[in-house]
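Since the model is a prediction, treat every value here as computed from it, not as a measurement.
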Amino acid sequence: MTHCNKFQHTFTSIKNKKIELNFAAGAVSSDGGAMLLREADLKLGLTSGICEQLVDSRQVGKIKHDTLSMLRQRVYGIALGYEDLNDHDNLRKCSNFQTTLSKESALASSPTLCRFEQNADREMAVIIQKAIVETFVKSFKQPPKRLTLDFDATEDITHGEQQMSFFNGFYGNYCFLPLYVFCEHKLLVSYLRPSNEDGAKHCWAILALLVKRFRQEWPEVKITFRADSGFCRHNMLGWCEKNNVKYIVGIPGNANLLKTFGPVVKVAQQTFCTNAKQEKVKLFSKFHYQAKSWKAERIIIAKVEVTKLGINQRFVVTNLKSKAKKIYNDVYCKRGDMENRIKEQKLGLRSDRTSATNWWSNNLRLLCASLAYILIDYIREKCLKGTALAKAYVGTIRLRLFKIGAIILKNTRRVQLMLSSVYPDKELFLAVAKKLIE
């Protein structure tokens, strides 16, 4: 008997032809490229390695969804743009997403995933953080000669009654203040913190742990600590000097620094005023300076920039030995790229969707976004080098490689993913898939 599908809506016709739609096409997915995430995860052993260390305290006979499948469901979901738990009420029924998670039945519902998050604790956070660092270490086939560790904090606005949510005067909001550590584009640490404390709190301990682990693996590696003026702390700089760690950190301007740098500023102003075209003038200076809390002098790199808009002065404290301009332009200014990495976390992966009441649940959400970033970044680094997407934003990679229309056919012997025949990046997708399964 023929089954007639009732069309639920009719659009404006084209040349007397009706345009009708319904939702009766069957197993069709808009995430046909999700399998790339699965292959990247299997290649890295990321989520499986984490879950091997986690203890599941639930009664074995009553478990339908194991920890590994729920962790993957959250991480893959975030990577695909489904950051909210209620997204999984429908996503759990998607044949393509089930296949991506190596399942053949409905996945965990949003209440089940909520209970998974509610069971998060400090031990789980430590295990995931260690796995992130170990993934970074394993990414090097040869010992690196030098590593530059970028530290920065960002605002994570809170709404409602989240634990440890406080008002921060600098940002003018109730928020968290997560700390991120990157080495170039590779994520090392994502650490949720309350916002009512010093923005540099725990940074010293995190830096010490990272240096210890890296030198354990690579004894000869040269390490540089780089950060803005919010991380300029005497004890941290002193620790770097004692432990042969280079540093380049912004330092807030004060009366003494401005006085010392004053003659150079005057030269820059005069040069700008005598320039008929009034082109930008930028000058650098290098001198020694000792703050009241410092036990000895340190090197200061100062920059002044004079434009039509006025004077812009910046100061950096460092123990690097080179010319002032080279240190500032070639080393310190590259710190700005970390801002793009944080934007990928917040805008591309919604790492700031920390709306759970429980503190450790929000910490897990932040870490799941970090794991999603690591999977996408692995694809970007290993499979997209030399292509138009080599430096693409995570949202662009998601749109171009994951969001593909696909029909899913299943039988007892195989699962077939039939992707759109007019997909514009077909050759690129096949090249990426080949590299992941080699």
Side-chain angles (χ1 to χ4, degrees), residues 129 133 136 144-154 170 177-184 188-191 193-261 284-303 313-324 326-336 338:
Q129 287 283 6
V133 174
F136 171 78
K145 293 182 178 179
R146 55 182 57 85
L147 299 172
T148 299
L149 309 183
D150 286 307
F151 281 62
D152 205 357
T154 187
F170 179 80
L177 193 65
L179 171 71
Y180 283 99
V181 182
F182 281 86
C183 181
E184 296 182 357
L188 295 176
V189 174
S190 55
Y191 175 48
R193 303 177 300 176
S195 64
N196 65 333
E197 298 174 339
D198 180 10
K201 187 169 183 179
H202 296 153
C203 294
W204 181 3
I206 290 171
L207 176 62
L209 289 170
L210 290 174
V211 170
K212 180 181 179 181
R213 176 66 188 97
F214 297 154
R215 285 188 172 156
Q216 182 184 28
E217 191 74 19
W218 311 300
E220 302 300 322
V221 68
K222 296 178 180 178
I223 299 174
T224 301
F225 164 61
R226 184 168 59 189
D228 63 19
S229 58
F231 296 85
C232 185
R233 299 293 182 272
H234 167 63
N235 289 336
M236 245 181 125
L237 301 182
W239 183 89
C240 290
E241 291 162 349
K242 291 178 182 178
N243 291 274
N244 192 29
V245 173
K246 300 298 181 181
Y247 60 80
I248 181 164
V249 183
I251 181 172
N254 58 47
N256 290 332
L257 284 172
L258 294 173
K259 182 179 179 181
T260 303
F261 192 46
F284 297 87
S285 180
K286 184 177 180 181
F287 54 88
H288 287 82
Y289 167 78
Q290 182 176 353
K292 291 182 179 179
S293 61
W294 297 357
K295 296 180 180 179
E297 291 185 338
R298 291 190 170 104
I299 298 172
I300 300 294
I301 303 296
K303 182 209 75 170
Q313 299 181 64
R314 290 288 185 270
F315 300 94
V316 173
V317 58
T318 184
N319 59 353
L320 294 172
K321 295 180 180 180
S322 188
K323 294 182 178 180
K326 182 176 179 61
I327 291 175
Y328 193 91
N329 286 342
D330 297 348
V331 183
Y332 185 71
C333 285
K334 289 184 178 180
R335 187 196 67 81
M338 185 185 182

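One finds the CZ atom of F214 at 5.0 Å from the CG atom of L188 (value rounded to the nearest 0.5 Å). Here SG of C203 is found 4.5 Å from CZ of F231. Values are rounded to the nearest 0.5 Å. The line from CH2 of W204 to CH2 of W239 is 9.0 Å long, rounded to the nearest 0.5 Å. We find the OG1-CE distance between T154 and M338 to be 9.5 Å, quoted to the nearest 0.5 Å. Of the inter-residue distances, the one linking I301 atom CD1 with F287 atom CZ reads 8.5 Å to the nearest 0.5 angstrom. Note that CD of Q129 and CG of L209 are 11.0 Å apart. Values are rounded to the nearest 0.5 Å.
In terms of heavy atoms, V316 sits closest to Y328 at CG2-CE1, 3.8 Å. Residues G230 and A200 approach most closely at O-CB, 3.7 Å, considering heavy atoms. Across all non-hydrogen atoms, the minimal contact from R193 to K201 is NH1-O, 3.1 Å. What you find for I248 and V331 is that their closest heavy atoms are CG2-CG1, 4.0 Å. Here the closest non-hydrogen pair linking Y247 and L320 is O-CG, 4.2 Å. Heavy atoms only, all atoms of each residue included: C183 and L149 are closest at CB-CD2, 4.3 Å.
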Step by step, would you call F284 with N329 a side-chain contact (heavy atoms from CB on, under 4.5 Å)? CA-CA 10 Å; F284 297 87; N329 286 342; 3.7 Å; yes

Would you sort out whether D152 and R335 count as a salt bridge (charged side-chain N to carboxylate O under 4.0 Å, His left out), showing the intermediate values? CA-CA 9 Å; D152 205 357; R335 187 196 67 81; 3.7 Å; yes

F315 and L258: side-chain contact (heavy atoms from CB on, under 4.5 Å), yes or no, with the steps? CA-CA 9 Å; F315 300 94; L258 294 173; 3.9 Å; yes

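Partners of S195 under the side chain to side chain donor-acceptor pair (under 3.5 Å) rule, at least two apart in sequence or in another chain, do not exist in this structure. Partners of K286 under the side chain to side chain donor-acceptor pair (under 3.5 Å) rule, at least two apart in sequence or in another chain, do not exist in this structure. Evaluation of the side chain to side chain donor-acceptor pair (under 3.5 Å) rule for N254 yields Y289 as partners, not counting sequence neighbours. For Y332, the side chain to side chain donor-acceptor pair (under 3.5 Å) test picks out no residue, with sequence neighbours left out.
Annotation: side chain of L210 is not in contact with side chain of F136 (no heavy-atom distance under 4.5 Å). A 4.5 Å side-chain heavy-atom check between Q313 and L257 finds every atom pair outside the cut-off. In this structure the side chain of K295 reaches within 4.5 angstrom of the side chain of H234, judged on heavy atoms. At a threshold of 4.5 Å between non-hydrogen side-chain atoms, the residues C240 and V211 do not count as touching.
Within a 6.0 Å radius of CZ in F170, no more than 12 heavy atoms belonging to other residues, nucleotides or ligands are found. For CD of E297, the number of neighbouring non-hydrogen atoms (other residues, nucleotides, ligands) closer than 6.0 Å is greater than 12.
Taking the six-membered ring where the residue is Trp, Y191 and H202 present tilted rings, their angle falling between 30° and 60°.
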Side-chain atoms of residues 217-225: list all donor-acceptor pairs with protein atoms under 3.5 Å, sequence neighbours left out, distances to 0.1 Å.
| residue | atom | partner | partner atom | Å |
| --- | --- | --- | --- | --- |
| E217 | OE1 | R213 | NH1 | 3.2 |
| E217 | OE1 | R213 | NH2 | 3.2 |

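Each salt bridge (Lys or Arg N to Asp or Glu O under 4.0 Å) pair with one or both residues in residues 239-259, not counting sequence neighbours, appears once here: E241-R298.
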